[in-house]
A.B. asks: 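First, the structure itself, so that you have it in front of you.
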Amino acid sequence: MPLTPPDTLPEQSPSHLQWQENGLPCSARWRSERGLMPAQRVLLADDTMPADSAFRAACEGTALLWRGDFQNARHLLQAMARRADQVSPRKRQKMTQPATLLDALNQHRQAQARRARLLGMLMIEVNADYSISLRRAPDTKEALTEAWGAPDLDGAKSVVSLRELLGIRSAHEWQRVGVEIPALGAPPHNRIHPHYGVFSPIRGEYLQLVATAHLPKPPKGQDQLTAFDIGTGTGVLAAVLARRGVGQIVATDTDPRALACARSNIAQLGLEQQVSVVQADLFPAGLASLIVCNPPWLPLRPGSPLERAVYDEEGRMLLGFLQGLCAHLAAKGEAWLILSNLAELLGLRTRDELLAEFERNGLRVVSRIDAKPLHPKASDASDPLHQARAKEVTSLWRLAALPVAKA
């Protein structure tokens, strides 16, 4: 098919992608999980487009709306990725060695963001019922329904980057198969099924910490321990506590996807009698003898909603958790804060600052249990943050309220 030259549309809407096709104006809903604006220039592309031409157009900010074979689009994306990852000798010569680990992290994040923007220029049109009208296109209806909600079926089409579409399909497989969590017991009743947009519990060391730390005793006169799981995500920590025999657990989150994911996992594990999942900004109403929180570990601005499980601008969730603890801890209650020291190793926070924050909010450290990370990046010497990851320690801080001074 003849390729249409790129059209510049100055009135491009932030919610729609617009282009010219067969001499007619076309428009479709623009979907971007990263919140990126639609491209101003759109080029229709098919199987005849060379990878070099596609890569050059993407570098110039031109979107490629694919009209060829779906599997060939995947091959083209892979070819563009190889070109994006190549570093020319001239560019390598200009690259400066980062002075600090934080500089290395910032350079890495900037490079990843540039790469994502470039590869996101290859786009796929999706029908109103979430099907794709391309040769050899997979069935995407179920995966897109999980990510976007039920289709409107109003005849409106959508456009999404192929890279994001493949990510949605991959998340659908994660949700279907699930992640085995040894801390939940023996198979087959030990799987957590992460939903699209909800961080998968793939780091086992912090789960093992929660599974083995000494539980506080129930308050006098009560035979059951009550707990809060703050920022529950998939619901995995609430499930681990329930399997340990905690009688009543309230799991909170603000993200609708996380709430739906946690409720689904709790139901599949048969723990609904012990765990209730509620929408709340940090703490629910009432008091608990155990309050658990695994906040994002790095106090930096997330680059997209999908990064909110890792990055927390200015450490707002961590600080909010510490500030509200004493008001929600039952008498002789205990809080478990799961935190990596990666922020300290990167120079984003010092250990003294963390300890001072505990004291400022009327908290004392009962004990700290440490674990070395088990994920592959910890031993990957090619990782730009290897120097920090090799020294990383994940800690479970057992915190309690400081005694109130008597008048």
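The shown structure was predicted, so the numbers you read here are calculated from the model rather than taken from an experiment.
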A.B. asks: Please lay out, stage by stage, how T252 and D229 fare under the test side chain to side chain donor-acceptor pair (under 3.5 Å).
C.D. replies: CA-CA 6 Å; T252 72; D229 173 20; over 6 Å; no
A.B. asks: In terms of side-chain heavy atoms, does D46 have a donor or acceptor partner in T48 at a distance below 3.5 Å?
C.D. replies: yes
A.B. asks: Whether the E146 and H172 side chains hold a donor-acceptor pair (N or O, under 3.5 Å, no angle test) is what I'd like checked.
C.D. replies: yes
A.B. asks: Can you confirm if the NZ or CZ of R109 lies within 45° of the ring axis of Y311 and under 6.0 Å from the centre of its six-membered ring?
C.D. replies: yes
A.B. asks: In chain order, what residues pass the side-chain contact (heavy atoms from CB on, under 4.5 Å) check against P50, with sequence neighbours excluded?
C.D. replies: S53
A.B. asks: Step by step, work out the ring pair (Phe, Tyr, Trp, His ring centres under 6.0 Å) result for Y130 and W148.
C.D. replies: CA-CA 10 Å; Y130 294 164; W148 296 345; 5.5 Å; yes
A.B. asks: Which atoms form the tightest heavy-atom contact between L162 and A73, and what is the distance?
C.D. replies: CD2-O, 3.5 Å
A.B. asks: Step by step, would you call V210 with L396 a side chain to side chain contact (heavy atoms under 4.5 Å, CB included)?
C.D. replies: CA-CA 8 Å; V210 173; L396 186 152; 4.1 Å; yes
A.B. asks: Could you list the residues that satisfy side-chain contact (heavy atoms from CB on, under 4.5 Å) with Q279, not counting sequence neighbours?
C.D. replies: L259
A.B. asks: Are Q248 and T226 close enough, and set up right, to give a side chain to side chain donor-acceptor pair (under 3.5 Å), and what steps lead you there?
C.D. replies: CA-CA 5 Å; Q248 292 296 320; T226 58; over 6 Å; no
A.B. asks: Under 3.5 Å, is there a donor on one side chain and an acceptor on the other for D370 and S395?
C.D. replies: yes
A.B. asks: Looking at residues at least two apart in the chain, or sitting in another chain, which of them share a side chain to side chain donor-acceptor pair (under 3.5 Å) with S200?
C.D. replies: none
A.B. asks: Between Q208 and T212, do the side chains contain a donor N or O and an acceptor N or O under 3.5 Å apart?
C.D. replies: no
A.B. asks: What verdict does the side chain to side chain donor-acceptor pair (under 3.5 Å) test give for D103 and Q107, after you've listed the backbone C-alpha separation in whole Å, the side-chain angles of each residue and the deciding distance to 0.1 Å?
C.D. replies: CA-CA 6 Å; D103 290 338; Q107 284 186 15; over 6 Å; no
A.B. asks: Work out which heavy atom in F321 is nearest to a heavy atom in F283; give both atom names and the distance.
C.D. replies: O-CZ, 3.3 Å
A.B. asks: With sequence neighbours excluded, give me every side-chain hydrogen bond (donor to acceptor under 3.5 Å, both in side chains) pair touching residues 315-329.
C.D. replies: none
A.B. asks: Going by side-chain contact (heavy atoms from CB on, under 4.5 Å), name the residues that satisfy it together with A137, two or more places apart in sequence or in a different chain.
C.D. replies: F70, I132, L134
A.B. asks: With no hydrogens and no angle check, just 3.5 Å: does a side-chain donor-acceptor pair link W66 and D69?
C.D. replies: no
A.B. asks: Can you name the side-chain contact (heavy atoms from CB on, under 4.5 Å) partners of E180, sequence neighbours left out?
C.D. replies: P187, N190, R191
